[in-house]
Number of protein chains: 2
Amino acid sequence: MSQTVDRALSILPLLAEGPADLGQVADRLGVHKSTALRLLRTLHEHGLVYRQSDQRYRLGARLFALAQEAMENLDVREIAHAHLVRLNERCGHTVHLAVYEENEVLYIDKVESRYPVRMYSRIGKPVAITVAAVAKLLLADLPEPERRALAEKLDYPMYTPRSTPHAAAFLQELAKVREQGWATDLGGHEESINCVAAPIRGADGRVVAAMSVSAPNVVVTADELLTLLPLVRRTADAISGEYSGRTPAEPT
Amino acid sequence: MSQTVDRALSILPLLAEGPADLGQVADRLGVHKSTALRLLRTLHEHGLVYRQSDQRYRLGARLFALAQEAMENLDVREIAHAHLVRLNERCGHTVHLAVYEENEVLYIDKVESRYPVRMYSRIGKPVAITVAAVAKLLLADLPEPERRALAEKLDYPMYTPRSTPHAAAFLQELAKVREQGWATDLGGHEESINCVAAPIRGADGRVVAAMSVSAPNVVVTADELLTLLPLVRRTADAISGEYSGRTPAEPT
DNA sequence: AATGAGTGTTGCAGTAAGTGCAACGCTGCT
DNA sequence: AGCAGCGTTGCACTTACTGCAACACTCATT
């Protein structure tokens, strides 16, 4: 791999922690100030870092634009969006769409709840992978060795008493999810929030994305939320059909 | 600047247009395939590009995470958020927060309208700089020479008949905005959408961000929207006060 | 005011690191 | 089977990146 590029890219996560000046960047990279300067300049030219008024460096605006464009190029997202909106119109709750990539699960689309109490989440934010319903579906579909390797490698933070406690429990849960073809998260991430999720599959049957409906206890109980399962699954299947080309275009 | 890094970073916007294979990347960079391969591998290791199942490269997930973190580090955003939510609760319309950086204006926060008809926009997306009310405020505060230089350099797309047509008109509008301390966009970007915006200033009086309230004609007329101006300005001033440290902490 | 410490910046010589080449391996097509 | 197209690897070359040391600048301090 390329050393120079490697060093330059290492600056990005470093700046993601917060602004830093030249000296700090050089130190943390373990290179001379002049070297760090040149790397930062190159990053700057491409708009990936920004120099604020106090001379310190921050991540730059181009980063947002790139992330944005990347997102809009995901074809699942494009196909799914209309379905997600329609689902939101019918049930009123927050609807999420998520994909798996390189050991992370992240939301790529979201339709906000129409109830005043909303859950916090943001497109692009990595999901709590050990507890989220969508994460369970996406990981459950990985080939066995990869799934096991990943499960062993993960941390299992106890967000609530109902969070998945360790790899063994997680693998067991994944097996169950794989079997039943849908997943839930009942207060495993935040005490009062429940989710039901269903998988979106490509033409080859592999899970390419997962969608979920989430709502806080104060709006609907877990049992009530579960009654939405058939609707969620139908929506996911409709997206699957369209994505894999079986349903070329759907009437609006 | 560093040639290697420069080349590597040039790959990102290229991939933002859509997935590409090794040969295409090499061609567009004007380098040998093997060189492109090494660059892509380095980008891949850092999670900035992802190799999809058909071997082609796409932008990767880390990019979203980085953009996310960068955004959460912006202190204006953090301070402003609660105020924006409160404003949204009072008026119900879409509220935006935007900053200027390197010739671009971009949204860094948004509270969705509570009306069913919503305008399209997305955090991180560059704003239509020649027409948006927030852009006018941010650019109006630039030093004269920079403002003029930027105005000359911009394109003036006619989104609607009321879009700003050329640099001269834009500079005149900026002068007016600078004078009055607030801005509007009445159907300049999308025929049926109006916005009112106010500036957020740091301790030195410079504009550090701008916020706006937007609503489509079908919900409220432009005149009705304008009655919200005092409220918008008060909110912006409250954020300014807190940001510049004059109002240490506000009661919730 | 003048001095000094702490930064960011520049030109330069050495060489480490990146480049292109050419040959190889693989996959899918005819 | 044979071929075409693509991704991958090892290697010799030399380009272009590195660290150094000196310089420029701002901001406290005496």
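Just so we're on the same page: letters track the sequence lines, and every chain starts at 1.
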Applying a 4.0 Å non-hydrogen cut-off, can you work out what B/Arg51 is touching in the nucleic acid: base, sugar-phosphate, or nothing?
sugar-phosphate

State whether the number of non-hydrogen atoms from other residues, nucleotides or ligands found under 6.0 Å of B/Glu78 atom CD is greater than 12.
no

For atom NZ of A/Lys33 and atom C1' of C/dG6, their distance in whole Å
8 Å

Roughly how far, to the nearest 0.5 Å, is CD of A/Glu242 from NE2 of A/His83?
4.0 Å

Nearest to the A/Gln55 side chain among D/dC17, C/dG8, D/dC20, which nucleotide is it?
C/dG8

Quick one: which of C/dG20, D/dT8, C/dG18 gets closest to the side chain of B/Thr4?
C/dG18

Provide, to the nearest angstrom, the distance between the CG atom belonging to B/Leu39 and the C1' atom belonging to D/dC17.
14 Å

To the nearest 0.5 angstrom, please state how far the CG atom of A/Leu138 sits from the CZ atom of A/Arg147.
12.5 Å

Would you indicate which nucleotide in D/dG19, D/dT9, D/dT8 comes nearest to any side-chain atom of A/Arg7?
D/dG19

Check the distance between C/dG8's P and A/Tyr57's OH and give it to me in whole angstrom.
7 Å

Out of C/dG20, D/dT8, D/dC17, whichever nucleotide has its closest atom nearest the side chain of B/Gln3
D/dC17

Would you indicate which nucleotide in D/dT18, D/dG7, C/dG20 comes nearest to any side-chain atom of B/Thr35?
C/dG20

Distance, rounded to the nearest Å, where A/Asp27 contributes CG and C/dG6 contributes P
14 Å

Whole-Å distance between C/dT9 P and A/Leu22 CG?
7 Å

Starting from C1' on C/dT7, measure out to CG on A/Asp54 and report it in whole angstrom.
13 Å

Of the options C/dA22, C/dG8, D/dG7, whose atoms approach the side-chain atoms of A/Asp21 most closely?
C/dG8

For B/Ser34, answer base if it contacts any base atom (sugar-phosphate contacts may also be present), sugar-phosphate if it contacts only those atoms, and nothing otherwise; contact means non-hydrogen atoms under 4.0 Å.
base

Residue met sooner reading DNA chain C from 5', once A/Leu37 and A/Met1 are mapped to nucleotides:
A/Leu37

Verify the neighbour count for atom CD of A/Gln172: are there more than 12 heavy atoms of other residues, nucleotides or ligands below 6.0 Å?
no

Considering only D/dT8, C/dG18, D/dC20, which nucleotide approaches the side chain of A/His32 most closely?
D/dC20

Using a 4.0 Å heavy-atom cut-off, does B/Arg41 contact any base of the nucleic acid, only the sugar-phosphate backbone, or nothing at all?
sugar-phosphate

Shortest non-hydrogen contact from A/Phe64 toward B/Leu106:
CD1-CD1, 4.0 Å

Of C/dG18, C/dG20, C/dC12, the nucleotide closest to the side chain of A/Arg38 is C/dC12

B/Arg56 CZ to D/dG7 P: how many Å, rounded?
11 Å

